[in-house]
Amino acid sequence: PSQAMEKPVEEPFSRLTDDLIAEILSRVPYKSLRICECVCPAWRAVVTDPASRRRIAQTLAGFFHIVTDDEAPGFAVSYADLSAFPWASVPKAYPRLPVPPDRTDCFFYPEDSSDGLFLTRVAPPLACVRRDEKFLYMVSNPATGDYFVLPHSGYTGGHRRAYLGFDGDAPTQEFHVFEFVLEKIQALRPTVVRRVNIYSSETGAWVARESQWNGGFTLRCRQPGVFRKGCLHLLTDQSALAIVDAQGLKWRTVPLPTFVDPSIQIFIGKSAGQLLYIDSSDRQGRGSDRFFSISVYALSVGIYQWDVSCPDDIFVPWEPLWKLSNVAPKKRFKVDLALQFTGVHPHANIIFLVSFWDGELIAYDLDHHESTVVYHIHPDYERSRPFLPYVSLLSRLPLDGGMQLATPN
């Protein structure tokens, strides 16, 4: 054979610099990025290089949760680090919720999280707290240490529920805070939504809107909100998903796939761009052999066609994805007060449950039907408060016409 035929062919990718490879991989979705990481040692080095983290997709790294503070009145914030697992991100630094230096004597209560940002209620010292105290909300980014204290909403009543709306995949990095004003109609009945105050980081102001959900809807306790396609989604005790847009102008309710009693565990979360609904109301077996199965549904994008009216027998708002049983095989599986849904992985087909019997956070792989204990929970975990997922958000957010979030000294 000739010398020319034996000459090795140069691989085109070998001529690319690490910077160019990082730029290419920054356009790859997270699940595909994990595959790219296995191509060769050079690509893995680029993906795991801290200098590339600002451009390359991040995913779930852990959960913040609230525990009872033994040394002081009130609560403390703890972090469940999941970075050791292959489906988790490794944060550049151990995440902490920022505390403004001029408010170190205040109490901080994490309310909600959304795609890397956190909503915290900031209350004055316990000795000064009154029922109508004008506490403030703070939006922060643990990955950068940035925070922003919002102006007061104007509401001083006692019944309210707050949620954060931020979409890390949206072209604009605007966030919204939704403060729902609740009203107790009867002494022994739960509160219902009467109106909502909405803060926009773009305008720097609050607007008040009366509820347009027909009938009295009660928001489910210990349930997160999901912000998707510019709308906040909330579960209600009336077997419905309640939706309101970021301007408070469009309101809609969507019936859940089946009627669910308020005592049954259900959950919503966002994964791979879809809104997932998880239901544990299906009972199987009898007596001591009785167990619950889990059904997972995806919300149809058709529900965002606000001006289109379709008969219920034609339009199907939910698509069934999985039906599973024996999710926690080493436990007496019954999703109730002792075993609760607590999260959905934003990119992988994994749901998370908390087992209060054993103090364990469990990850269940929907594709492989495998459950794994991923974290041992602090014994003083506050059950009435949700786990808040943490995804590293490494970009700075422009606010109020270009003003940056203040960075603590």
Side-chain angles (χ1 to χ4, degrees), residues 66 111-114 119 155 157-165 178-198 209-228 231-245 248 250-270 275-283 292-300 303 312 317-318 320 334-344 351-354 356 382-388:
I66 296 177
E111 296 275 356
D112 196 16
S113 68
S114 184
L119 176 66
Y155 177 68
H159 298 295
R160 69 184 92 182
R161 197 84 61 82
Y163 301 89
L164 178 61
F178 299 78
E179 181 186 58
F180 288 90
V181 176
L182 312 177
E183 180 180 316
K184 185 176 283 292
I185 300 177
Q186 299 180 17
L188 300 179
R189 303 290 293 177
T191 57
V192 298
V193 175
R194 280 302 175 219
R195 71 174 187 271
V196 62
N197 301 316
I198 304 176
R209 308 290 190 194
E210 294 298 318
S211 173
Q212 301 300 312
W213 292 325
N214 295 328
F217 278 88
T218 300
L219 301 179
R220 280 234 170 188
C221 294
R222 201 186 174 277
Q223 288 290 330
V226 172
F227 192 76
R228 175 176 179 263
C231 300
L232 181 67
H233 306 70
L234 300 167
L235 286 172
T236 72
D237 282 345
Q238 286 72 30
S239 292
L241 180 74
I243 307 172
V244 59
D245 77 336
K250 298 177 180 179
W251 301 68
R252 170 168 286 184
T253 57
V254 179
L256 296 180
T258 59
F259 174 80
V260 181
D261 185 89
S263 63
I264 298 297
Q265 274 287 304
I266 57 178
F267 195 84
I268 55 173
K270 185 169 65 172
L275 185 143
L276 299 185
Y277 166 68
I278 308 173
D279 184 344
S280 65
S281 61
D282 188 10
R283 301 170 175 86
F292 283 52
S293 63
I294 288 178
S295 298
V296 182
Y297 301 82
L299 182 66
S300 169
I303 62 101
D312 291 340
W318 299 99
K334 177 182 177 182
V335 182
D336 56 9
L337 294 179
L339 185 64
Q340 297 183 355
F341 299 119
T342 196
V344 173
I351 60 176
F352 296 90
L353 304 98
V354 173
F356 296 117
E382 181 59 37
R383 297 189 184 188
S384 64
R385 309 296 296 177
F387 270 58
L388 301 178

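In this text the structure is predicted, and so the values were computed from the model without any measurement.
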Chemist: What pairs with Phe178 under ring pair (Phe, Tyr, Trp, His ring centres under 6.0 Å), at least two apart in sequence or on another chain?
Modeler: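 Expected list: none.
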Chemist: Tell me the closest heavy-atom pair linking Ser114 and Gly165, and the distance in Å.
Modeler: OG-C, 4.1 Å
Chemist: For the residue pair Ile266 and Tyr277, establish whether any side-chain heavy-atom pair is separated by less than 4.5 Å.
Modeler: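 Heavy-atom side-chain distance check passes, below 4.5 Å.
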Chemist: Taking the side chain as C-beta and beyond, is there a heavy-atom pair between Arg161 and Cys221 under 4.5 Å?
Modeler: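 Yes - at least one pair of side-chain heavy atoms lies under 4.5 Å apart.
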Chemist: Quick one: CG on Leu276 to CZ on Phe267, what's the gap to the nearest 0.5 Å?
Modeler: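 Spacing of CG (Leu276) from CZ (Phe267) equals 10.0 Å.
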Chemist: Angle between ring planes, Phe180 versus Tyr163, binned at 30° and 60°: parallel, tilted or perpendicular?
Modeler: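 Geometry flag for Tyr163 against Phe180: perpendicular rings.
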Chemist: Is the backbone N or O of Lys250 less than 3.5 Å from a side-chain atom of Asp245, with the two atoms forming a donor-acceptor pair by type?
Modeler: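 Indeed, once roles are kept as given, a pair shorter than 3.5 Å links the two residues.
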Chemist: What residues form a side chain to side chain contact (heavy atoms under 4.5 Å, CB included) with Asp237, not counting sequence neighbours?
Modeler: Thr218, Arg220, Pro262
Chemist: Using 0.5 Å steps for rounding, measure from the OH atom of Tyr155 to the CZ atom of Arg195.
Modeler: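 So the OH of Tyr155 and the CZ of Arg195 are separated by 6.5 Å.
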Chemist: Rounded to the nearest 0.5 Å, what separates atom CD1 in Ile198 from atom CG in Leu232?
Modeler: 8.5 Å
Chemist: Rounded at 0.5 Å granularity, tell me how far CG in Leu353 sits from CD1 in Ile278.
Modeler: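 If we round to the nearest 0.5 Å, Leu353:CG and Ile278:CD1 are 7.5 Å apart.
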Chemist: Locate the shortest heavy-atom distance separating Ile264 from Ser280; write the atom from each residue and the value.
Modeler: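 For Ile264 and Ser280, the tightest heavy-atom pair comes out as CG2-OG, 3.8 Å.
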Chemist: Within this structure, what is the CG-SG distance for the pair Leu275 and Cys231, rounded to the nearest 0.5 Å?
Modeler: 11.0 Å
Chemist: How far apart are the closest heavy atoms of Gln265 and Phe341, and which atoms are they?
Modeler: OE1-N, 3.5 Å
Chemist: Look at the side chain of Trp251 and the backbone N and O of Asn214, then say whether any donor-acceptor pair between them is shorter than 3.5 Å.
Modeler: no
Chemist: Work out which heavy atom in Gly269 is nearest to a heavy atom in Val344; give both atom names and the distance.
Modeler: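 For Gly269 versus Val344, the nearest heavy atoms are CA-CG2, 4.0 Å.
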Chemist: Using the side-chain contact (heavy atoms from CB on, under 4.5 Å) definition, which of the options Leu256, Leu241, Leu234 pairs with Ile268?
Modeler: Leu241
Chemist: When Thr191 is tested against each of Arg160, His159, Glu183 for side-chain contact (heavy atoms from CB on, under 4.5 Å), which residue passes?
Modeler: His159
Chemist: I'd like to check Trp318 versus Leu299 (side-chain heavy atoms, cut-off strictly below 4.5 Å). Are they in contact?
Modeler: yes
Chemist: Can you tell me how far CD of Gln238 sits from OG1 of Thr253, rounded to the nearest 0.5 angstrom?
Modeler: 10.0 Å
Chemist: Could you check whether any side-chain N or O of Arg228 sits under 3.5 Å from a backbone N or O of Lys270, counting only pairs where one atom can act as donor and the other as acceptor?
Modeler: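 A pair under 3.5 Å: no.
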Chemist: Between Ser239 and Val260, is there a donor-acceptor pair closer than 3.5 Å when you use the side chain of the first and the backbone of the second?
Modeler: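 Indeed, once roles are kept as given, a pair shorter than 3.5 Å links the two residues.
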